[in-house]
Trainee: 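Sharing a structure with you now.
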Amino acid sequence: MKQMIVIIEEVWNEVPLLRIEQAGAEDQELPVFTYFHGFTSAREHNLPIAYMLAEKGYRVILPEALHHGIREDNVSSSKRQMEFFAIVKENLHDLRQIHQYASEKGLIQKDRFAIGGTSMGGITTCAALTQFDWIKAGMVMMGSPKIAAFARGMVDAVKKSGVEMNIPDEEMEQLFTSLEKIDLSLHPEAIGDRPMFFWHGDQDPVVPYIHSRSFYETLEYEAADQDQFTYVTEAGSGHKVSRKAMLAGTAWLEKVL
């Protein structure tokens with residue numbers, strides 16, 4: 001008989017989120033997996049992978065990102081675009097709040113706390129690994145570990161499109177410098193012995209496939225443990241997480257958390 005899965009809407013330390021787990025486990029210590037959604041998406045859009053993991057006994061947390069979903073606050077699409085990296089940084093703040101709340105409430109089983117995310121959420125995952133040593137593993141779905149290079153690419157694309165940014169070059173350089181501090185490709189030593197999973201379609205027109213692929217190849221070459229890093233790709237796949245990706249990610253998390 002299949003276990004019933006429950007979805008609970010809560011606010012943890014001012015972070016609105018969905019909590020997905022097996023019915024009856026609400027007060028139990030469980031391995032916790034926090035998964036961040038992508039840009040212009042919302043927390044409930046990741047319920048499929050949350051359901052898959054909850055079936056396996058995980059407590060899955062789906063936070064709502066700043067300027068998204070119930071936190072949208074009628075912000076314009078152009079302002080949200082300009083706030084992209086501020087949203088990533090807010091995700092890092094929210095993650096700290098989530099971990100603190102879960103720790104204080106006794107919801108984490110033996111420090112088994114991992115994170116993941118799609119696109120902007122995958123970028124958040126990579127950045128978080130440079131900041132928090134209590135993260136045990138990271139799942140990156142079509143995200144970039146090269147956030148500074150990604151930012152420069154975004155700015156170049158806007159300039160080439162002819163859109164006026166109205167941001168001084170000095171201010172842009174300050175942004176790039178601040179992002180270098182949370183750029184996993186510039187601080188790979190921060191990973192330590194923590195396992196990472198990457199999935200990326202090789203025809204992604206939004207987040208460059210080469211960012212994660214080249215980073216993974218460097219990690220794999222230098223890794224003492226060849227099983228520490230996993231990379232799954234799909235030829236011809238664009239900017240959408242497939243069922244194959246979710247199944248592969250779920251199977252990976254079962255092994256490492």
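Numbers for residues simply follow the sequence, beginning at 1.
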Trainee: With sequence neighbours excluded, what pairs up with Lys56 under the salt bridge (Lys or Arg N to Asp or Glu O under 4.0 Å) test?
Mentor: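 Checked Lys56 against salt bridge (Lys or Arg N to Asp or Glu O under 4.0 Å); matches are Glu254.
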Trainee: Is a side-chain N or O of Glu90 found less than 3.5 angstrom from the main chain of Val88, in a donor-acceptor match?
Mentor: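 Such a contact is absent between Glu90 side chain and Val88 backbone.
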Trainee: Nearest 0.5 Å, what's the CG-CD1 distance between Leu247 and Ile49?
Mentor: 9.0 Å
Trainee: Honestly curious: do Val256 and Trp199 fall in one hydrophobic cluster under the side-chain, below-4.5 Å linking rule?
Mentor: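 Same hydrophobic cluster.
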Trainee: Under a 4.5 Å side-chain heavy-atom rule over Ile, Leu, Val, Met, Phe, Trp and Tyr, are Leu95 and Leu107 clustered together?
Mentor: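 Yes; Leu107 is reachable from Leu95 via cluster members.
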Trainee: Does NZ or CZ of Arg213 fall inside the cone over Tyr231's six-membered ring, less than 6.0 Å from its centre and within 45° of the axis?
Mentor: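 That pair qualifies as a cation-pi contact.
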Trainee: Run the side-chain contact (heavy atoms from CB on, under 4.5 Å) check on Phe198 and Phe215 step by step: do they pass?
Mentor: CA-CA 10 Å; Phe198 298 89; Phe215 182 64; 3.9 Å; yes
Trainee: What class does the angle between the rings of Trp134 and His99 fall in, given that below 30° is parallel, 30 to 60° is tilted and above 60° is perpendicular?
Mentor: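 Trp134 vs His99 ring planes: parallel.
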Trainee: In terms of heavy-atom contacts, does CD of Glu170 have more than 12 from other residues, nucleotides or ligands at under 6.0 Å?
Mentor: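 At most 12 heavy atoms, drawn from other residues, nucleotides or ligands, come within 6.0 Å of this atom.
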Trainee: I'd like to know if Asp73 and Lys79 make a salt bridge, using a cut-off of under 4.0 Å between side-chain N and carboxylate O.
Mentor: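 Salt bridge between Asp73 and Lys79, a charged N being under 4.0 Å from a carboxylate O: no.
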Trainee: Give a yes or no on whether Val32 and Leu253 share a hydrophobic cluster (residues Ile, Leu, Val, Met, Phe, Trp, Tyr; joining criterion: side-chain heavy atoms under 4.5 Å apart).
Mentor: no
Trainee: Between the side chains of Tyr216 and Thr230, does any donor sit under 3.5 Å from an acceptor?
Mentor: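 No, because no side-chain N or O of Tyr216 sits under 3.5 Å from a partner of the opposite role on Thr230.
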Trainee: Look only at the side chain of His67 and the backbone of Gln81, and say whether a donor-acceptor pair between them is shorter than 3.5 Å.
Mentor: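 Between the backbone of Gln81 and the side chain of His67 there is no qualifying donor-acceptor contact (under 3.5 Å).
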Trainee: If we count only N and O atoms by modelled type, under 3.5 Å, do the side chains of Thr125 and Tyr35 hold a donor and an acceptor together?
Mentor: no
Trainee: Under the criterion side-chain contact (heavy atoms from CB on, under 4.5 Å), I'd like the reasoning laid out for Glu44 against Ile7: C-alpha separation, chi angles, the key distance, then a yes or no.
Mentor: CA-CA 10 Å; Glu44 64 269 16; Ile7 303 170; over 6 Å; no
Trainee: Looking only at heavy atoms, what is the nearest atom pair of Gly122 and Val140, with distance?
Mentor: O-CG1, 3.8 Å
Trainee: Between Arg59 and Glu26 (salt bridge meaning N to carboxylate O under 4.0 Å), is one present in this structure?
Mentor: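 So Arg59 does not pair with Glu26 through a salt bridge.
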Trainee: Keeping the roles fixed (side chain from Asp183, backbone from Ala148), state whether a donor-acceptor pair exists under 3.5 Å.
Mentor: yes
Trainee: Does any part of the side chain of Thr40, heavy atoms only, come nearer than 4.5 Å to the side chain of Met120, both counted from C-beta?
Mentor: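 No. Closest side-chain heavy atoms not under 4.5 Å.
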Trainee: How many angstroms lie between atom CD1 of Ile147 and atom CG of Leu184, to the nearest 0.5 angstrom?
Mentor: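 Going from the CD1 atom of Ile147 to the CG atom of Leu184 covers 10.5 Å.
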Trainee: Determine yes or no for a side-chain-to-main-chain donor-acceptor pair under 3.5 angstrom, with Tyr101 supplying the side chain and Val15 the backbone.
Mentor: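 No.
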Trainee: Assess, by modelled atom type and distance only, whether the side chains of Lys146 and Ser214 contain a donor and an acceptor separated by less than 3.5 Å.
Mentor: yes
Trainee: Counting only heavy atoms from other residues, nucleotides and ligands, does the tally under 6.0 Å from NZ of Lys240 exceed 12?
Mentor: no
Trainee: Would you please say whether a donor-acceptor pair under 3.5 Å links the side chains of Glu234 and Ser242?
Mentor: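 Their side chains do contain a donor-acceptor pair, which is all the 3.5 Å distance test asks for.
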Trainee: What are the two closest non-hydrogen atoms of Met196 and Cys126, and how far apart are they?
Mentor: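 Looking at all heavy atoms of both residues, the closest pair is CE-SG, 4.4 Å.
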Trainee: At their closest point, which heavy atom of Leu92 faces which heavy atom of Gln131, and how far apart are they?
Mentor: CD1-CG, 4.4 Å
Trainee: List the steps and the verdict of side-chain contact (heavy atoms from CB on, under 4.5 Å) for Tyr51 and Val60.
Mentor: CA-CA 8 Å; Tyr51 177 85; Val60 184; over 6 Å; no
Trainee: Distance only, no hydrogens: is a donor on one side chain within 3.5 Å (strictly under) of an acceptor on the other, for His200 and Ser212?
Mentor: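 Side-chain D/A pair, His200 to Ser212: present.
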Trainee: For the CG atom on Asp27, are there more than 12 heavy atoms of other groups (residues, nucleotides or ligands in this structure) within a distance under 6.0 Å?
Mentor: no
Trainee: Do Met142 and Phe39 sit in the same hydrophobic cluster, where Ile, Leu, Val, Met, Phe, Trp and Tyr count as joined when their side-chain heavy atoms come under 4.5 Å apart?
Mentor: no
Trainee: Is it the case that more than 12 heavy atoms not belonging to Glu10 sit under 6.0 Å from its CD atom?
Mentor: yes
Trainee: For Glu64, is there an ion pair with Arg43 - N to carboxylate O distance below 4.0 angstrom?
Mentor: yes
Trainee: To check you understand the geometry: which heavy-atom pair defines the closest contact between Arg194 and Leu129, and what is its length?
Mentor: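 Where Arg194 meets Leu129 most closely, the heavy atoms are NH2-O, 2.8 Å.
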Trainee: Quiz question: by atom type and distance under 3.5 Å, do the side chains of Lys89 and Ser178 form a donor-acceptor pair?
Mentor: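 Per modelled atom types, Lys89 and Ser178 side chains form a pair under 3.5 Å.
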Trainee: Do Asp193 and Gln228 have side-chain atoms, one donor and one acceptor, less than 3.5 Å apart?
Mentor: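 No, no side-chain donor-acceptor pair sits under 3.5 Å.
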Trainee: Step by step, would you call Phe113 with Phe132 a side-chain contact (heavy atoms from CB on, under 4.5 Å)?
Mentor: CA-CA 11 Å; Phe113 187 97; Phe132 308 124; over 6 Å; no
Trainee: Starting from Leu62, can I reach Phe33 by hopping between I/L/V/M/F/W/Y residues whose side chains sit under 4.5 Å apart?
Mentor: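 Same cluster: Phe33 reaches Leu62 through Ile, Leu, Val, Met, Phe, Trp or Tyr contacts under 4.5 Å.
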Trainee: Give me the atom names and distance for the closest heavy-atom approach of Ser119 to His239.
Mentor: OG-NE2, 3.0 Å
Trainee: When you look at Arg152 and Glu173, which way does the salt bridge (charged side-chain N to carboxylate O under 4.0 Å, His left out) test go after all the steps?
Mentor: CA-CA 9 Å; Arg152 291 181 184 276; Glu173 286 302 321; 3.5 Å; yes
Trainee: Rounded to the nearest 0.5 Å, what's the gap from CE on Met139 to OG1 on Thr118? Could you check?
Mentor: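 Reported to 0.5 Å precision, the distance equals 9.5 Å.
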Trainee: Could you tell me how the ring of His68 sits relative to the ring of His37: parallel (under 30°), tilted (30 to 60°) or perpendicular (over 60°)?
Mentor: tilted
Trainee: Looking at every non-hydrogen atom in both residues, tell me the closest pair between Gly201 and Tyr209 and how far apart they are.
Mentor: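 Closest pair (atom of Gly201, atom of Tyr209, distance): O-CD1, 3.6 Å.
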Trainee: Could you tell me whether a side-chain N or O of Asp202 sits under 3.5 Å from a main-chain N or O of Gly236, the two making a donor and an acceptor?
Mentor: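 It does hold such a pair.
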